[in-house]
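Indexing begins at 1, ligand by ligand and atom by atom, following the structure's order.
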Amino acid sequence: MKVRYSYLPQQFGEIDDLWEELKAFVPTGDFTLGKPLTEFEKRFAKLIGSKHAIGVNSGTDALKLALKAIGIQPGDEVVTAANTFIATVGAIHEIGARPIFIDADDSFCMNVDLLEAAITEKTKALMPVHFSGYMTDMNKLMPIAEKHGLPVVEDACQSILGAIDGKNAGTWGIAGGFSLHPLKNLNVWSDGGLIVTDDDEIDRHLRLLRNHGLVSRDEVGIMGYNSRLDTIQAVVGNWLIPQTQDIADKRIANAAYYDKHLSEIAQIRIPPRIANMRIVYHMYMVFAEDRDALLRYCLDRDIEAKVHYPIPLYQQEGLKQFGYKAGDFPVTDRHSSELISFPADQHLSREEQDFVIQTLRDFYAGR
Ligand SMILES: *Cc1c(COP(=O)(O)O)cnc(C)c1O
């Protein structure tokens with residue numbers, strides 16, 4: 001049995017209703033900042049529980065423009081997680097700011113106990129990353145941010161509808177960034193992203209930033225960017241919005257099924273499942289003994305397991321300029337050698353999950 005990682009052919013295989021909507025939309029020619037975009041922004045804001053949502057052309061730009069909108073300047077320090085996807089660091093770097101890394105804990109997010117020691121005079125913002133569908137411990141982080149007067153921009157790209165105490169990822173800080181990339185939980189057919197905020201002034205600023213700073217057709221108010229979310233992707237987004245809760249629920253159910261069975265294997269360790277946290281499992285990851293051999297064993301049996309990530313981000317060649325060296329973040333290092341990811345998406349069948357579980361049992365049976 002093949003257990004694929006990408007479910008996009010299944011997700012977008014039979015979508016006659018969406019094709020009808022696209023067919024109706026295209027002849028309107030309303031391609032930039034059109035009506036479906038405004039509708040999508042409203043529905044997304046409602047889904048997340050924020051006052052505003054602003055569509056932009058990627059998750060990376062969502063983070064970059066949010067930092068820009070709160071006044072981050074070249075040379076400022078932005079404290080973030082050492083084990084994130086490169087896009088977080090790219091967004092910070094693009095506006096000339098400097099990423100300061102914090103090690104993870106076994107929830108794959110920033111260990112907030114290490115945060116205060118990393119704050120300096122130059123620190124101007126915090127960018128916690130809600131990695132893999134978990135959330136950073138925001139109940140602990142927000143009081144530290146307030147104590148130091150630091151704005152918080154959440155990287156919620158992997159945790160749409162993740163929540164702590166019922167409060168969604170992206171709504172804790174001054175702004176939150178989301179990605180609509182095809183591999184994310186709410187996925188359009190191209191790059192895309194959104195920023196959510198409750199702040200009217202930041203909302204206004206972001207709408208200028210994403211559209212060349214244009215106040216009107218003829219007036220430029222500020223220097224901005226071309227970073228609009230394509231209206232045609234907003235049509236796809238509007239089609240997906242009603243499914244988003246269900247997508248999260250199915251992933252949660254699939255993860256619970258894996259947890260139940262994989263926890264019976266002595267060589268597998270399930271990460272801590274946190275009682276007041278809704279984990280949405282953008283990635284389903286466990287700690288595995290003999291990880292590299294297990295990965296090969298799975299791939300040989302057509303299970304597309306993955307490692308997120310084999311090379312810790314802070315050790316990558318392209319990040320040398322930030323001055324970190326191997327060993328600076330021991331938990332992140334350990335994760336890169338112990339973690340393995342399995343598909344847990346909404347299109348995965350029970351049979352496929354059973355095959356993964358049995359394959360892991362078989363692998364460890366001889367050991
Ligand atoms: C996907 C992602 C982003 C944004 O990526 P885009 O591809 O630009 O949409 C940012 N941070 C994290 C942690 C991500 O996984």
Quiz prompt | Aromatic ring proximity, centroids under 6.0 angstrom, Tyr281 and Phe342 | solution =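 No - the distance between ring centres of Phe342 and Tyr281 does not fall below the 6.0 Å cut-off.
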Exercise. Answer yes or no: are there more than 12 heavy-atom neighbours, outside Lys68 itself, under 6.0 Å from its atom NZ?
Key: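 It does not: Lys68 NZ has 12 such atoms or fewer within range.
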Exercise. May I have all residue pairs that pass ring pair (Phe, Tyr, Trp, His ring centres under 6.0 Å) and include part of residues 252-278, sequence neighbours excluded?
Key: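 Qualifying pairs: Tyr257-His261, Tyr258-Tyr284.
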Self-check item: Residue pairs involving residues 144-181 (criterion ring pair (Phe, Tyr, Trp, His ring centres under 6.0 Å); sequence neighbours excluded)
Solution: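 Non-adjacent pairs meeting ring pair (Phe, Tyr, Trp, His ring centres under 6.0 Å): Phe44-Phe178.
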Polar pairs, ligand 1 vs protein, N/O only, below 3.5 Å.
unit_1   : atom_1 : unit_2 : atom_2 : d
ligand 1 : 8 (O)  : Gly59  : N      : 3.3
ligand 1 : 8 (O)  : Thr60  : N      : 2.9
ligand 1 : 8 (O)  : Thr60  : OG1    : 2.5
ligand 1 : 9 (O)  : Gly59  : N      : 2.8
ligand 1 : 9 (O)  : Ser179 : OG     : 2.5
ligand 1 : 11 (N) : Asp155 : OD1    : 3.3
ligand 1 : 11 (N) : Asp155 : OD2    : 2.7
ligand 1 : 15 (O) : Gln158 : NE2    : 2.7
ligand 1 : 15 (O) : Lys184 : NZ     : 3.0

Quiz item: Got a donor-acceptor contact below 3.5 angstrom from the Arg291 side chain to the Ser336 backbone?
Solution: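 Answer holds: yes.
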Can you give each donor-acceptor pair under 3.5 Å made by side-chain atoms of residues 101-109, sequence neighbours left out, with the distance rounded to 0.1 Å?
unit_1 : atom_1 : unit_2 : atom_2 : d
Asp103 : OD1    : Thr332 : N      : 3.0
Asp103 : OD1    : Thr332 : OG1    : 2.7
Asp103 : OD2    : Val331 : N      : 2.8
Asp105 : OD1    : Ser107 : N      : 2.9
Asp105 : OD1    : Ser107 : OG     : 2.6
Asp106 : OD1    : Arg334 : NH2    : 3.0
Asp106 : OD1    : His335 : NE2    : 2.8
Asp106 : OD2    : Arg269 : NH1    : 3.4
Asp106 : OD2    : Arg269 : NH2    : 3.0

